[in-house]
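For reference, the structure is listed below as structure tokens.
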Number of protein chains: 2
Amino acid sequence: MSRIRPTAGEWEILQALWKLGPATVRAVHEEIGAGHYNTTLKLMQILAEKGLAARDEEARAHVYRAAVEREALQADAVEDVLERVFGGSAAELMQRALSRRKPKKGELKELRKMIDAWERGKG
Amino acid sequence: MSRIRPTAGEWEILQALWKLGPATVRAVHEEIGAGHYNTTLKLMQILAEKGLAARDEEARAHVYRAAVEREALQADAVEDVLERVFGGSAAELMQRALSRRKPKKGELKELRKMIDAWERGKG
DNA sequence: GCCAAACTACGAAGAGTTTCGTTGACAACT
DNA sequence: AGTTGTCAACGAAACTCTTCGTAGTTTGGC
């Protein structure tokens, strides 16, 4: 059960694919708005190789789509940091997360709601 | 103001140094408990080169110590993930952090306390 | 048909990371 | 003094990631 760990470049592509839905290289490249077209293409081909994206080759401009769920990958990423950087302490992670950026207005409320839900869930 | 981003191997060394305090390569290597001695040595030399660790060369077995604060590096790491993976949403990050591991008994309480403190701090 | 534009594909170059074999210095013990 | 063990240092090798030049194919306009 190996954890999926996209590189920084891959994350950027994936975020674009989740946002746009199925899209061509061109569309993703423009969404990102930086770098060489070929770099975007190459990264997307690599994502396809790795199984993180799938593509439809029917049309001349291949249509790519994310082949993994955003939520699952995010959970992997957070687990990774939690383990490697925080020794598993979610509280410590949260403390650092809030230490530099002031939470947006509703964010604290949302967090509190989440915690409530968790406690109710546990009974 | 570039963000410090240690590699996975570097994190492992740094965690050991923070835990042990100033320590020799041998001590760190045994704390980690895996891999080749020379790999540990090389990584520690690299950390020194990068300024993330400092060393005292007085003794034959050089004594290394972390040259950066754990908290600062953790904040960097979390900011990185927050930005790259979660588009800045701390709430979403927390949601994923709690999605797979059940929080320890006191963890939720601690989180709630942190949020309270934040809200009071803002007035 | 021919040319230009858009596209995929290929691969090489450069940087960074990790591993580890080898070497030479030093120390301890005999 | 010689042997053995520990250590730092160096560098090569394998690997990954990123970038981008180049080539070849397809499409559409003329």
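Note that the structure is predicted; figures quoted are calculated from it, not measured. Values reported hereafter were calculated over all heavy atoms of this structure, with side chains retained and with hydrogens, waters and symmetry mates removed. By convention in this document, chain letters (A, B, ...) are assigned in the order of the sequence lines, proteins followed by strands, and residues within each chain are numbered from 1.
- What separates CD of B:Glu57 from P of D:dC7 is a distance of 16 Å, to the nearest Å.
- Between B:His62 atom NE2 and D:dT6 atom P the separation is 17 Å, expressed in whole Å.
- Contact check for B:Ile46 versus B:Ile13: no side-chain heavy atoms found under the 4.5 Å cut-off.
- For C:dT18, one of the phosphate oxygens OP1 or OP2 lies less than 4.0 angstrom from a side-chain nitrogen or oxygen of B:Thr7.
- Between C:dC7 and A:His29, no contact under 4.0 Å exists linking OP1 or OP2 to a side-chain N or O.
- B:Val85 has its side chain out of reach of B:Asp80: every pair of non-hydrogen atoms, C-beta onward, lies at least 4.5 Å apart.
- Taking CD of B:Gln15 as the reference point, atom CZ of A:Arg84 lies at 9.5 Å (rounded to 0.5 Å).
- Nucleotide D:dT19 holds its C1' atom 13 Å from the CD1 atom of A:Ile13, rounded to whole Å.
- No more than 12 heavy atoms of other residues, nucleotides or ligands sit less than 6.0 Å from atom CZ of B:Arg65.
- B:Glu30 is linked by a side chain to side chain contact (heavy atoms under 4.5 Å, CB included) to B:Arg26, counting only residues two or more places apart in sequence or in another chain.
- Note on A:Asp76 versus A:Arg5: no salt bridge recorded, every NZ/NE/NH1/NH2 to OD/OE distance being 4.0 Å or above.
- If you take NE2 of B:His36 and C1' of C:dT17, they are 17 Å apart, rounded to a whole angstrom.
- By the 4.5 Å heavy-atom criterion applied to side chains, B:Arg70 and A:Glu92 are counted as neighbours.
- In this structure, CD of A:Glu58 is placed 17 Å from C1' of D:dT27, rounded to the nearest angstrom.
- A salt bridge is absent between A:Arg112 and A:Glu107: the closest approach of a Lys/Arg side-chain nitrogen to an acidic carboxylate oxygen does not fall below 4.0 angstrom.
- Nucleic acid contact class of B:Arg5 (heavy atoms, under 4.0 Å, all strands): none.
- Listed by first and then second residue, the side chain to side chain donor-acceptor pair (under 3.5 Å) pairs involving residues 43-56 of chain A are A:Glu10-A:Lys50, A:Arg55-A:Glu57, A:Arg55-A:Tyr64 (not counting sequence neighbours).
- Partner of A:Glu31 under the side chain to side chain contact (heavy atoms under 4.5 Å, CB included) criterion, out of A:Leu17, A:Thr40, A:Leu20: A:Leu20 alone.
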Can you give me the N/O atom pairs linking the protein to nucleotides 3-6 of chain C at distances under 3.5 Å, or say none if there are none?
from: C:dA6; atom 1: N3; to: A:Arg60; atom 2: NH2; distance (Å): 2.3

Filtered N/O pairs between nucleotides 1-4 of chain D and protein, under 3.5 Å:
none

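- By the ring pair (Phe, Tyr, Trp, His ring centres under 6.0 Å) test, B:His62 pairs with no residue at all, sequence neighbours left out.
- Sorted by residue number, the members of residues 37-54 of chain B with any non-hydrogen atom under 4.0 Å from DNA chain D read B:Tyr37, B:Asn38, B:Leu41, B:Lys42, B:Gln45.
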